[in-house]
There are 2 protein chains.
Amino acid sequence: MPVKTDSPACEAWTLLYELALAEKPRLNAIAGDFEIKPQQAMVLRLLAEPQTMGELAERLGCDNSNVTGLVDRLEQRGLVERRPAEHDRRAKLLVLTHEGERVRSEMSKRMRQAPEALAAMPAAEQRALRDLLRRALGR
Amino acid sequence: MPVKTDSPACEAWTLLYELALAEKPRLNAIAGDFEIKPQQAMVLRLLAEPQTMGELAERLGCDNSNVTGLVDRLEQRGLVERRPAEHDRRAKLLVLTHEGERVRSEMSKRMRQAPEALAAMPAAEQRALRDLLRRALGR
DNA sequence: TATTGTTATACTCTATAACTATA
DNA sequence: TATAGTTATAGAGTATAACAATA
């Protein structure tokens, strides 16, 4: 009786997740260089486009009440502004300040750099990997 | 003057990270089904092999003092045991209980399932992706 | 009535510094 | 002296429930 083997997709997922996990310390360290916490870095990333508290909570996959504190801290740091939303006086629109844009841009540039394991691949394999992922994610 | 484009490795990394990020709510929900927190699930994952507090801290990329609380909660849940380490009376060896093994095994089985975006790929592309990642990560 | 965001509360995760028991 | 783990402390992230203002 043969041992049941994982499907190729499962193994690919396991490897892919391991790679992302292994990079976490690097990403956290980059956030630290800008003196913000990992989750605050995530918020900055998502605020490339202005959006409301509720939309942000949705994209973070967390409760609304949680976003209040996250945004409080970023606002105190001068990276984010709460503005009245035009269509609904209950809602608030979150917008990056100049400084917020600067931090988001420089931080993203560094985080976007490929991990050593990918950067070391032959160029043809890098392209093959990119194309497979593009198609899988519908890009 | 041409716009500078990301290298294929950078774009692959961006897509790959997006995929892992998009799966986080699913993984957290699975941990929740076993009534443990995401970080406790990570500890369980890493305890496939017994190890000391310090080794676990190293693999979690966090401080030693942090592990004390994490293990306290898992121990109260009856999933982990602290045992004396033979080679060093200062150290403690962490070992999963029977119940801990059961939870780790069932939880891992579910978390290992490939995300929809990968499972939906043609079989040949799944294998190609797996093989590229295997080689990149040296497996 | 329902929804947006806040507050109050409680728990988890995190690091730093001081401590203990061993090495 | 140095190291493994704990404790004390403080701050950050998280969800739930109750609330104010608005829809």
Side-chain angles (χ1 to χ4, degrees), chain A residues 21 24-47 50-77 79-95, chain B residues 21 24-47 50-77 79-95:
Chain A
L21 216 55
K24 220 169 70 168
R26 191 193 118 217
L27 300 181
N28 289 351
I30 292 173
D33 287 346
F34 293 92
E35 296 186 281
I36 62 177
K37 300 287 176 182
Q39 193 63 5
Q40 294 170 7
M42 184 64 61
V43 170
L44 234 48
R45 244 184 86 132
L46 295 177
L47 282 181
Q51 55 203 283
T52 65
M53 302 283 288
E55 286 162 351
L56 183 55
E58 176 72 21
R59 295 183 64 189
L60 285 169
C62 75
D63 194 82
N64 255 332
S65 62
N66 195 2
V67 176
T68 298
L70 284 168
V71 170
D72 281 351
R73 289 181 277 276
L74 287 170
E75 204 173 28
Q76 280 162 10
R77 283 281 318 269
L79 303 178
V80 172
E81 262 184 40
R82 282 168 161 106
R83 292 194 195 157
E86 282 133 17
H87 61 298
D88 186 338
R89 280 193 298 172
R90 292 172 302 179
K92 291 170 186 173
L93 195 65
L94 302 173
V95 186
Chain B
L21 217 54
K24 218 169 70 167
R26 192 194 117 220
L27 300 181
N28 289 351
I30 293 173
D33 287 347
F34 293 91
E35 298 186 279
I36 61 178
K37 299 289 174 179
Q39 193 63 6
Q40 294 170 6
M42 183 64 61
V43 170
L44 234 49
R45 242 184 88 132
L46 295 177
L47 281 182
Q51 57 204 280
T52 63
M53 303 282 288
E55 286 163 351
L56 182 56
E58 176 73 19
R59 295 183 64 188
L60 286 168
C62 76
D63 193 84
N64 254 332
S65 62
N66 196 2
V67 176
T68 298
L70 285 167
V71 170
D72 282 350
R73 290 182 278 275
L74 287 169
E75 203 173 29
Q76 279 162 12
R77 284 280 318 269
L79 303 179
V80 172
E81 262 184 40
R82 282 170 163 103
R83 293 194 193 156
E86 283 132 15
H87 61 297
D88 185 339
R89 280 193 299 172
R90 292 171 302 178
K92 290 169 186 174
L93 195 65
L94 303 173
V95 185

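Chain A is the first sequence line, chain B the second, and so forth, proteins listed ahead of strands; every chain is numbered from 1. Every heavy atom of this structure was used, including side-chain atoms; hydrogens, water molecules and symmetry mates were not. In this text, all values refer to a predicted model and were calculated from it rather than measured experimentally.
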Quick one: does A:Leu21's side chain get under 4.5 Å of B:Arg45's, heavy atoms only?
yes

According to side chain to side chain donor-acceptor pair (under 3.5 Å), who are the partners of A:Asn66, at least two apart in sequence or on a separate chain?
none

Which sits closer to the 5' end of DNA chain D, A:Gln40 or A:Asn64, going by the nucleotide each is nearest to?
A:Gln40

What is the distance, to the nearest angstrom, from the CZ atom on B:Arg77 to the C1' atom on C:dT12?
14 Å

Between C1' of C:dC13 and CD1 of B:Ile36, the distance in whole Å:
15 Å

It should be established whether A:Gln39 places a side-chain nitrogen or oxygen under 4.0 Å from OP1 or OP2 of nucleotide C:dC13.
no

Calculate, to the nearest 0.5 Å, the distance between atoms CG and CD belonging to A:Leu93 and A:Glu55 respectively.
8.0 Å

Expressed in angstrom and rounded to an integer, what is the separation of B:Leu60 atom CG from D:dA4 atom P?
16 Å

In whole Å, what is the span from the CD atom of B:Glu58 to the C1' atom of D:dT3?
14 Å

Round to the nearest Å and state the distance from A:Asp63 atom CG to C:dT12 atom P.
17 Å

Would you kindly give the CG-to-P distance between A:Leu56 and C:dG5, to the nearest whole Å?
10 Å

OP1 or OP2 of C:dA15 sitting under 4.0 Å from any side-chain N/O of B:Asn66?
yes

Where along residues 81-90 of chain B does a heavy atom fall under 4.0 Å from DNA chain C?
B:Asp88, B:Arg89, B:Arg90

Distance test, side-chain N/O of B:Lys92 to OP1/OP2 of D:dT6, below 4.0 Å
yes

Presence of donor-acceptor pair under 3.5 Å, side chain of B:Ser65 and base of C:dT16
yes

Between B:Lys37 and B:Arg73, is there a side-chain heavy-atom distance shorter than 4.5 Å?
no

Between A:Asn28 (CG) and C:dC13 (C1'), how many Å, whole number?
13 Å

Between B:Lys24 and B:Leu93, whichever has its closest DNA chain D nucleotide further toward 5' is B:Leu93

Take atom CG of B:Asp72 and atom P of C:dC11, then tell me their distance rounded to the nearest Å.
15 Å

Once you round to the nearest 0.5 Å, how far does CG of A:Leu74 lie from CD of A:Glu81?
13.0 Å

From CG (A:Leu70) to CG (A:Leu44), nearest 0.5 Å
11.5 Å

How many angstroms lie between atom CZ of B:Phe34 and atom CZ of B:Arg77, to the nearest 0.5 angstrom?
10.5 Å

